[in-house]
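Here's the structure, in C-alpha cells; my notes come after.
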Amino acid sequence: MTELAHPDRLAKIAALRSEGKDPYPARGVDCEPLERLIAGGGSVEEPGPLIGERVTAAGRILGLRDFGKLIFAPLVDRSGRLQVGMQKDRLGDWWPDRKRLDGGDILAVTGELGRTQKGELTIWAEEVQLLSKALAPPPEKWHGLVDIEQRRRRRYVDLWSSESVSEVFIKRSRLISIARRFLEERGFLEVETPTLHPIVGGAAARPFTTHHNALGVDLYLRIAPELYLKRLIVGGLERVFEVARNFRNEGIDATHNPEFTMLELYQAQADFRHMMELSETLVEELAVELTGSKTITYRGRQFDLSAPFRRARYDELFREKNGFELDDEPAVRSKAAELGLKADPKTDFWKLLAELFDVTVEESLTGPVFVTHYPVPLCPLAKTDPQDARFAERFELFIAGMELANAFSELNDPQEQERRFEEQVASKDPEVPGEVDIDYVQALEFGMPPTGGMGIGIDRLAMLLTDQPSIRDVLLFPTLRPQPQGGGPSSEQEHAQEK
RNA sequence: GGGCGCAUAGCUCAGUAGGUAGAGCAACUGGCUUUUAACCAGUAGGUCCCAGGUUCGAUCCCUGGUGCGCUCACCA
C-alpha cells in the first residue's frame with residue numbers, strides 16, 4: 001500500500017472481509033447510464049416515465065451527507081450525476097454497512113426513482129452493493145483537483161472530480177469520430193503505416209531514436225506518416241487517411257507535446273485547392289457538431305468558422321507587413337537584423353525569411369485564413385506553382401493564431417523530388433533528413449497520380465473546439481517529467497535525495 | 001536550454017517583519033429521515049519540497065537542487 005491508502009478504509013475492508021463480504025466483487029451489474037435515468041425522471045412539473053420505477057445505477061459516490069437515519073450521496077458516472085438517498089427504513093439488513101461507505105467508493109444502487117421535498121431527482125435505495133472500495137480519499141469536494149500538476153499526473157482523479165474535465169475528452173473523442181465519418185463518406189480509406197522508420201522523413205524535426213535488437217538496426221519514431229501514405233497513393237488506394245501519432249524530439253509548450261496526433265490524408269486526382277475545400281468543410285462541420293455553432297469562442301475571442309475561409313498569399317501578406325518583396329534578400333536580412341533575429345550572413349536565406357514571416361505576419365493571423373503559395377525552398381515535398389516558379393502549391397490554415405493544417409499539391413516528379421532531397425542532405429541542417437529516402441523516390445518512379453495531401457493537428461483542433469488554452473488540457477496523459485515510484489507529488493523528496 | 005514565478009495537513013489555502021504553524025473541506029467519535037459545499041459538538045492529523053549555509057535558533061534569509069506553471073528559443 002502507498003501513503004495514499006487510508007488506515008480507516010483498510011480497517012473497513014478487513015471488517016467487510018471478516019463478515020464474508022467482498023469489497024471487490026468479481027461481477028459487474030446491469031445498470032442504466034445516469035443520463036438515461038435523469039432524462040426519464042422528467043421535471044418536477046412534468047414527471048418522466050421512470051418516476052416511481054425501480055431502477056439500477058452504478059457509479060462513484062463523491063461524498064456522503066449523513067442525517068442519521070437518512071444519507072444523501074451524489075453518484076457520478078460518465079454520463080452524469082444523480083443523487084442517491086439511503087434510508088434506514090428501506091435498507092434494514094444493509095443499514096449497518098453504511099458505516100463502511102466513504103467518498104470515492106463505487107456502488108451499485110437499486111431503488112425507486114423519485115424526488116426529495118426540494119424536488120431533487122433521487123434514487124431511493126432499496127439495495128446497495130459495494131462494487132469497489134476506494135482506499136484513497138477523493139480530493140476536496142468543492143474545488144476538486146486544482147493543482148495543475150496533480151490534474152495531469154492523476155488524470156484518473158481529475159476526470160471524475162471536476163465535472164467539466166471529462167467533457168473535454170469526450171468531445172475530443174467525438175471530434176476524431178466525426179472526422180473519420182466525414183472522410184469515409186467521401187471515399188477515404190483509413191490505413192495504418194509504420195511508426196518505426198528506418199529513415200526520417202516527411203517533415204523537418206528532430207526524431208526520437210530507438211533500436212531493434214533482432215534486426216540490429218537503429219530506428220526512428222516517425223515524425224510524420226507522409227511518405228508512407230503517399231506510397232499508398234502510388235499503390236492505387238487513391239484516398240487514404242491515418243489518425244497518426246507523431247513523435248518529435250523538441251521542446252514542450254502550450255501548443256507542443258513530444259507525441260501528438262495528426263490527421264493526414266491524401267487524395268489522388270486532387271490538388272491543394274481540393275484540400276482547402278475539404279478542410280474548411282470539415283472544420284465548419286466539427287464546430288457545428290461539437291459546439292452547436294459555426295461561431296466559436298476561444299480564450300474569450302470569437303471566431304467565425306463558416307466556410308469558405310479567407311485565402312491570402314504568402315508573398316502578399318509579407319509585402320503588406322514589411323513593405324518590400326520577400327525575395328529582396330538585402331531588405332530581408334536588414335529587417336531581420338533590426339528585429340534581433342539570428343541573422344548572420346551565413347544563415348540560410350529561406351530559413352531567415354520563414355522566421356521573419358513568423359514574427360511579422362503570423363501574429364496577425366487570427367483567422368480562419370489559408371496562407372497560400374509558400375516559397376518553394378520551404379516546401380521540399382510540394383509541387384511548384386505553374387504560374388510562378390518561386391512559389392509552391394501549398395497552404396497552411398491558421399485559426400486563433402495557431403497553425404492547424406498544412407497541405408499541398410504533392411510533388412510527384414521523381415527527378416525533382418530526388419534533387420530536393422539531395423539539397424536537404426547537402427544542407428547538413430540537423431532538423432532535416434540526413435539521408436535521401438531512395439525507396440520513396442523509387443515509388444515515385446513507378447508513377448504517382450496528381451495528389452492533394454493535408455495534415456491537420458488534432459490536438460490543436462481539440463484545443464480550439466473545447467476552448468482549452470494548453471495542448472496538455474486536451475491530452476489525457478501529456479508528457480511530463482517522470483517521477484520515480486507512484487508518480488504523486490509526495491514522492492518528490494525521494495527523487496531529490498537520489499540526486 | 002535561458003528568464004520569471006510557485007511548493008505549508010489527504011485537498012484548497014492562510015501565516016510567521018527568524019522563536020518549529022492555522023482555517024475550511026476530507027478523516028475519526030457522537031447527534032440528527034429530505035440535504036445540495038447539509039448542520040451541531042468533539043478528536044486526531046504537519047520533516048512548512050530536498051540538501052547545504054548564515055544564526056543561539058530557519059518553514060521564513062542565502063546558495064544549490066527537484067518538480068510544476070508562465071515565457072523566450074526550437075517545432076506542428
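Letters go in sequence order (proteins before strands), and every chain restarts at 1. No experiment lies behind these values; they were computed from the predicted model shown.
Salt-bridge annotation for D89(A) and K69(A): absent, with no side-chain N of the basic residue lying under 4.0 Å from a carboxylate O of the acidic one. Using a cutoff of 4.0 Å between basic side-chain nitrogens and carboxylate oxygens, R394(A) and E396(A) are scored as salt-bridged.
Listed nucleotides rC28(B), rU35(B), rU33(B) differ in distance to T116(A); the shortest reach to its side chain belongs to rU35(B). Closest to the side chain of I148(A), out of rC32(B), rC68(B), rU36(B), is rC68(B). Out of rC74(B), rU33(B), rA38(B), the shortest distance to the side chain of L70(A) is found at rU33(B). Closest to the H6(A) side chain, of the nucleotides rU36(B), rA27(B), rU12(B), is rA27(B). If you check rC32(B), rC74(B), rU35(B) against the side chain of K69(A), the one that comes closest is rC32(B). In this structure, of rC13(B), rC70(B), rU35(B), it is rC13(B) that holds the atom nearest to the side chain of V146(A).
A distance of about 23 Å separates the C1' atoms of rC13(B) and rU66(B), rounded to the whole Å. Between rG10(B) and rA26(B), the two C1' atoms lie 7 Å apart (nearest whole Å). Rounded to the nearest Å, the gap between the C1' atom of rA9(B) and that of rU47(B) is 13 Å. A distance of about 25 Å separates the P atoms of rC60(B) and rG2(B), rounded to the whole Å. Going from the C1' atom of rU8(B) to that of rU20(B) covers 12 Å, rounded to whole Å. Taking atom P on both rA21(B) and rU34(B), the two are 42 Å apart, rounded to the nearest angstrom. For the P atom pair drawn from rC68(B) and rC61(B), the interatomic distance equals 23 Å after rounding to whole Å. A distance of about 28 Å separates the C1' atoms of rG65(B) and rA14(B), rounded to the whole Å.
The aromatic ring of F67(A) does not sit over the base of rC32(B); the criterion of centres under 5.5 Å apart with planes under 30° is not met.
Side-chain atoms of Q117(A) and base atoms of rU35(B) include no donor and acceptor less than 3.5 Å apart. For rU35(B), the base has a donor-acceptor partner in the side chain of Q83(A) [N/O atoms by modelled type, under 3.5 angstrom].
Within 4.0 Å (heavy atoms only), R115(A) reaches no atom of the nucleic acid at all. Within 4.0 Å of K12(A), counting heavy atoms only, lie sugar-phosphate atoms of the nucleic acid but no base atom. Heavy atoms of A405(A) sit nowhere under 4.0 angstrom from any nucleic acid atom. Counting non-hydrogen atoms under 4.0 angstrom, R472(A) reaches the backbone sugars and phosphates but no base. Residue N257(A) is in base contact, counting any heavy-atom pair closer than 4.0 Å across all strands shown.
Side chain of R222(A) to main chain of P194(A): a donor-acceptor pair is present (N/O by atom type, distance under 3.5 Å, no hydrogens or angles).
Rounded to whole Å, atom P of rU34(B) lies 12 Å from atom CG of D89(A). If you take CD1 of I471(A) and P of rC70(B), they are 12 Å apart, rounded to a whole angstrom. Residue E250(A) contributes atom CD, which lies 11 Å from atom C1' of rA73(B) at whole-angstrom precision. When the P atom of rC74(B) is taken as reference, atom CG of D253(A) falls 11 Å away, rounded to whole Å. One can place CG of D66(A) at 10 Å from P of rG31(B), the figure rounded to the nearest angstrom. In this entry the distance linking NZ of K118(A) with P of rU33(B) reads 16 Å, nearest Å. Whole-Å rounding puts the R152(A) CZ to rG67(B) P distance at 16 Å. Going from atom NZ of K88(A) over to atom C1' of rG31(B) covers 15 Å, rounded to whole Å.
At rC68(B), one or more side-chain N or O atoms of R153(A) fall inside 4.0 Å of OP1 or OP2 (strictly under the cut-off). When the side-chain nitrogen and oxygen atoms of R65(A) are compared with OP1 and OP2 of rU35(B), none of them lie within a distance under 4.0 Å.
Among K21(A), K88(A), K133(A), K12(A), the single residue meeting the salt bridge (Lys or Arg N to Asp or Glu O under 4.0 Å) criterion with D97(A) is K21(A).
Using the Watson-Crick or G-U wobble rule with both distances under 3.5 Å, rG45(B) pairs with nothing in any strand shown. Pairing for rC11(B) is with rG24(B), a Watson-Crick or G-U wobble pair whose two hydrogen-bonding atom distances lie under 3.5 Å. With a cut-off of 3.5 Å on both Watson-Crick or G-U wobble distances, the partner of rG67(B) is given as rC6(B). The base-pairing partner of rA58(B), taking Watson-Crick or G-U wobble contacts with both distances under 3.5 Å, does not exist among the strands shown. The base-pairing partner of rU34(B), taking Watson-Crick or G-U wobble contacts with both distances under 3.5 Å, does not exist among the strands shown.
A heavy-atom distance below 4.5 Å is not found between the side chains of F398(A) and L404(A). When side chains are defined from C-beta on, R180(A) does not count as touching F182(A), because their heavy atoms never get closer than 4.5 Å.
Closest approach of F241(A) and L183(A) over heavy atoms only: CG-CD1, 3.6 Å.
Heavy-atom distances to RNA chain B give each of F260(A) and P74(A) a nearest nucleotide, and the one nearer the 5′ end belongs to P74(A). With RNA chain B read from its 5' end, the first of the two nearest nucleotides for L480(A) and R248(A) is the one closest to L480(A).
The closest side-chain donor-acceptor pair between E242(A) and T193(A) falls under 3.5 angstrom.
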